[in-house]
S.K.: 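Have a look at the structure that comes next, please.
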Amino acid sequence: MNTPIHDFVTRYKDLRPARFHMPGHKGRGPLGCEALDLTEIPGADSLYEAAGIIAQSEANASRLFGCPSFYSTEGSSQCIKAMLLLAMQSCHSERSEESDSSAAHRTATKDGGRGFLTAFGMTKSKGFRVLAARNVHKAFLSAAALLDLEVLWLPGSEGSYLSAELTPETLAAALEESGAQAVYLTCPDYLGFLPDLKPLAEACHAHGALLLVDNAHGAYLRFLSPSRHPMDLGADLCCDSAHKTLPVLTGGAYLHIKASEDEPACRDGSQPSAPSDEASGDKPACRDGSQPSAPSEEASGDGRDGFLASLGMTERGSRAVRDGSQPSAPSDEASGDGGDGFLASLGMTEQGSRAVRDGSQPSAPSDEASGDGGDGFLASLGMTEQGSRAVRDALALFGSTSPSYLILQSLDLANPYMEALPEKLAAFLPRAEALKARLRAEGWNVVGDEPLKLTISCHSEPGEESVSRTAGTLGGAGPSAPLCSARDDRSELPHLPAPPAPMTALAAALEREGIFCEFADPDYIVFMLSPEHTEAELARLETALQKALSCRDGTLPSAVCPALPRTDAARPRPKPERFCSIREAMLSPAVTIPAAESLGRVLARPGVSCPPAVPILMPGERIDEAAAEALARSGIRTVAVLP
């Protein structure tokens with residue numbers, strides 16, 4: 001697979017040019033990478049107006065992910081905001097089509113300046129409602145504030161604020177009651193729990209709602225066999241932080257958009273494998289070598305093929321994508337009335353969707369390509385300027401006009417890496433699972449089901465068989481004792497605060513061994529694994545954890561051991577009263593006060609750093625006793641509240 005962005009930058013560097021353009025380092029500097037750091041010079045393309053090398057590289061990524069994929073150099077935070085905006089625009093587009101345009105115009109002239117919003121269905125009675133689990137990243141709250149979203153929180157589990165359990169039945173009931181137009185989920189969550197998205201997506205679509213997924217920690221899930229990526233399980237919009245699980249520089253991310261109904265399942269139940277460079281116009285082969293089964297006659301049913309269908313993608317359009325037939329050139333009507341669905345509303349024709357899915361190589365853009373309605377590279381994908389602009393404008397609204405070309409090259413070079421990723425994962429995952437099994441046998445409570453995440457809980461969670469099976473390995477503590485429990489005598493541990501936080505203490509001990517985890521709080525410690533880890537690194541982690549467990553026998557000096565005292569189950573998450581909207585809280589002036597003095601006040605800012613950037617309490621909610629205890633337990637000493 002080619003790497004057009006990296007190749008262009010390398011050629012430019014090799015020219016040894018006189019750089020009378022930004023950046024100010026002029027290709028020289030102490031980091032050593034300055035020569036590869038460019039700006040939008042001629043030929044370098046422009047991220048939010050891409051029609052050249054960036055668009056070509058994004059097409060490579062789109063073929064790998066099996067859906068239209070767009071780059072971000074500002075992480076999933078940028079993509080989260082953009083996909084919420086796109087979902088909101090989709091909802092408002094549907095409503096405006098249902099209303100009589102002349103009546104809307106008459107209303108717009110009479111309602112004292114509110115007519116523009118009214119014309120697009122943005123009235124109080126028809127606001128855009130999003131159902132979300134409470135374990136959202138704080139970027140979601142920023143989007144809610146900026147877009148004035150009406151957020152309705154889904155009921156969840158009573159455990160960690162970092163995780164949320166949700167059943168299809170609970171979701172369906174919430175959709176029925178709320179009438180929400182979209183559902184927003186974090187999958188996988190920070191602790192590595194992977195909910196079954198497919199029935200959740202079915203519940204969303206049965207109620208006419210879009211499914212948006214923050215898949216920041218799961219870009220690699222596409223390359224498992226079978227795929228566990230949200231876009232293959234029914235999501236309509238999804239973001240991936242490439243830098244979290246792929247060899248990409250920090251800030252590299254993807255925004256994915258559903259192109260049509262899910263690809264037909266293979267005969268063994270798996271998803272079709274990712275296309276290779278040699279892919280022809282045929283559908284990618286299944287992992288058992290068979291061809292995907294043909295879609296049923298009912299597949300497109302009412303013309304609502306996922307996100308595209310939410311804007312009216314026709315049965316003909318979705319059928320052409322699925323069965324491999326050659327679509328005819330888009331008619332004037334297709335671009336005028338939104339009838340070809342979200343891609344059509346974005347200016348992407350059936351030809352474009354097909355090009356993404358079958359792996360065909362688009363032609364290079366010509367010098368004359370203007371991108372205005374399908375010329376050059378965009379036309380070779382069947383995507384018009386209208387289509388590119390809708391997605392790119394959404395990203396640009398929340399992004400810098402100076403995207404990093406170092407990050408863009410990193411995303412570009414990740415494409416050939418992802419081609420080989422299925423084989424890398426197949427070789428590494430058995431090693432990762434063996435490590436987890438050994439740690440469980442040694443007494444650690446390993447939780448979560450994400451393949452590339454190792455999460456250890458210091459609790460003995462009720463109902464977990466693995467807990468009761470292994471709890472007895474810790475010196476007769478009994479099956480109900482926490483698995484990380486050790487002696488409670490703190491007389492030999494003067495270097496630790498009293499009482500210690502079990503997993504943060506463990507993290508500090510590991511740091512003294514030169515091992516740094518992804519995240520630790522009083523209840524959990526999280527390690528992110530990768531096929532790039534060496535056997536020596538995995539062995540080093542295992543040895544350090546064994547040393548931590550041996551502290552209970554007093555065989556090691558306290559200076560290298562954490563205190564791992566007996567702890568209760570994870571505290572119930574707060575269920576505070578809502579005082580005002582997220583927007584009202586986050587855009588209002590705020591005062592910072594000690595958290596210990598915040599009881600009864602209304603939170604104005606999320607107040608959580610990254611990692612994990614998951615709020616304990618939402619802006620606009622009143623701090624009650626349970627919330628104050630949760631803030632203190634998480635080490636939050638000050639909070640920003642409304643005056």
Side-chain angles (χ1 to χ4, degrees), residues 1-10 31-34 36-38 44-45 47-48 50 53-80 82-83 137 139 188 190 213-224 227 229-231 238-256 274 395 398-400 402-425 428 450-453 516 518-519 527-534 537 610-611 613:
M1 182 170 283
N2 63 359
T3 53
I5 302 174
H6 176 68
D7 294 348
F8 174 88
V9 174
T10 300
L31 293 177
C33 61
E34 287 83 355
L36 297 173
D37 187 31
L38 296 184
D45 209 357
L47 180 59
Y48 302 125
I53 58 173
I54 294 175
Q56 292 176 44
S57 184
E58 288 178 328
N60 288 340
S62 297
R63 289 195 294 275
L64 289 163
F65 283 101
C67 60
S69 303
F70 295 81
Y71 288 163
S72 164
T73 61
E74 297 174 59
S76 282
S77 295
Q78 180 187 21
C79 298
I80 286 169
M83 69 179 181
H137 189 278
Y190 218 98
V213 179
D214 175 0
N215 185 51
H217 286 243
Y220 74 97
L221 294 174
R222 164 68 177 172
F223 305 97
L224 298 177
S227 169
H229 194 278
M231 297 306 292
C238 172
C239 65
D240 298 347
S241 287
H243 68 91
K244 285 182 169 64
T245 58
L246 301 175
V248 171
L249 294 179
T250 298
Y254 308 103
L255 173 58
H256 305 297
L395 288 164
F398 304 106
S400 169
S402 299
S404 166
Y405 270 75
L406 292 173
I407 297 175
L408 286 173
Q409 290 172 77
S410 185
L411 287 164
D412 188 39
L413 290 168
N415 288 331
Y417 176 88
M418 287 188 289
E419 276 193 305
L421 187 53
E423 291 75 21
K424 289 178 178 287
L425 289 171
F428 176 77
E450 186 190 334
L452 289 185
K453 198 165 280 178
F516 292 81
E518 164 62 21
F519 167 75
F527 305 90
M528 296 185 70
L529 308 179
S530 166
E532 302 310 305
H533 275 126
T534 64
E537 288 172 324
C610 189

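The figures here come from the full heavy-atom set of this structure, side chains too, leaving out hydrogens, waters and symmetry mates.
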S.K.: With rounding to the nearest 0.5 angstrom, report the CZ to CG distance, R222 to D240.
M.R.: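 It is 11.0 Å, given to the nearest 0.5 Å.
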S.K.: For the atom pair CG (N60) and CG (N2), what is the distance rounded to the nearest 0.5 Å?
M.R.: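 CG of N2 is found 5.0 Å from CG of N60.
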S.K.: In Å, rounded to the nearest 0.5 Å, how long is the span from CZ of F8 to OH of Y405?
M.R.: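 Reported to 0.5 Å precision, the distance equals 8.0 Å.
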S.K.: Of all residues at least two apart in sequence or in a different chain, which pass the side chain to side chain contact (heavy atoms under 4.5 Å, CB included) check with T245?
M.R.: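 Listed in chain order: A219, Y220, M528.
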S.K.: I'd like to check the side chain to side chain contact (heavy atoms under 4.5 Å, CB included) partners of L406; sequence neighbours left out, ordered by chain and number.
M.R.: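 Partners of L406 by the side chain to side chain contact (heavy atoms under 4.5 Å, CB included) criterion, ordered by chain and then number, come out as C33, L36, D37, L249, S404, Q409.
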S.K.: Can you name the residues that form a side chain to side chain contact (heavy atoms under 4.5 Å, CB included) with L413, not counting sequence neighbours?
M.R.: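 Once residues adjacent in sequence are excluded, the partners of L413 under the side chain to side chain contact (heavy atoms under 4.5 Å, CB included) criterion are T3, H6.
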S.K.: Working to the nearest 0.5 Å, report the span between OH of Y417 and CG of L246.
M.R.: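 Rounded to the nearest 0.5 Å, the OH-CG separation comes to 7.0 Å.
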S.K.: Under 3.5 Å, is there a donor-acceptor pair between the side chain of D214 and the main chain of A216?
M.R.: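 Judged by distance alone, yes, a pair lies under 3.5 Å.
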S.K.: Who passes ring-ring contact (aromatic ring centres under 6.0 Å, His included) against Y190, sequence neighbours left out?
M.R.: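 Only H217, F519 meet the ring-ring contact (aromatic ring centres under 6.0 Å, His included) criterion with Y190.
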S.K.: Counting N and O atoms only, with roles assigned by atom type, does the side chain of S76 sit under 3.5 Å from a partner on the main chain of C79, one being a donor and the other an acceptor?
M.R.: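 Not confirmed, S76 side chain does not pair with C79 backbone.
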S.K.: So, does Y71 use its side chain to make a donor-acceptor pair with the main chain of S57 at under 3.5 Å?
M.R.: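 Indeed, once roles are kept as given, a pair shorter than 3.5 Å links the two residues.
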S.K.: Can you measure from CG (N415) to OG (S62) and round to the nearest 0.5 angstrom?
M.R.: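 N415 CG to S62 OG: 9.0 Å, rounded to 0.5 Å.
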S.K.: Using the side-chain hydrogen bond (donor to acceptor under 3.5 Å, both in side chains) criterion, which residues pair with E58? Sequence neighbours excluded.
M.R.: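 In terms of side-chain hydrogen bond (donor to acceptor under 3.5 Å, both in side chains), with neighbours along the sequence ignored, E58 is linked to R392.
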S.K.: Could you work out, with side chain to side chain contact (heavy atoms under 4.5 Å, CB included) as the rule, every residue matching S77, not counting sequence neighbours?
M.R.: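 Partners of S77 by the side chain to side chain contact (heavy atoms under 4.5 Å, CB included) criterion, ordered by chain and then number, come out as K81, H137, A139.
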S.K.: First locate atom CD of Q78, then atom SG of C239, and finally report the distance between them rounded to the nearest 0.5 Å.
M.R.: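 SG of C239 is found 10.5 Å from CD of Q78.
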S.K.: Relative to the ring of F65, is the ring of H256 parallel (under 30°), tilted (30 to 60°) or perpendicular (over 60°)?
M.R.: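 The rings of H256 and F65 sit tilted, inter-plane angle from 30° to 60°.
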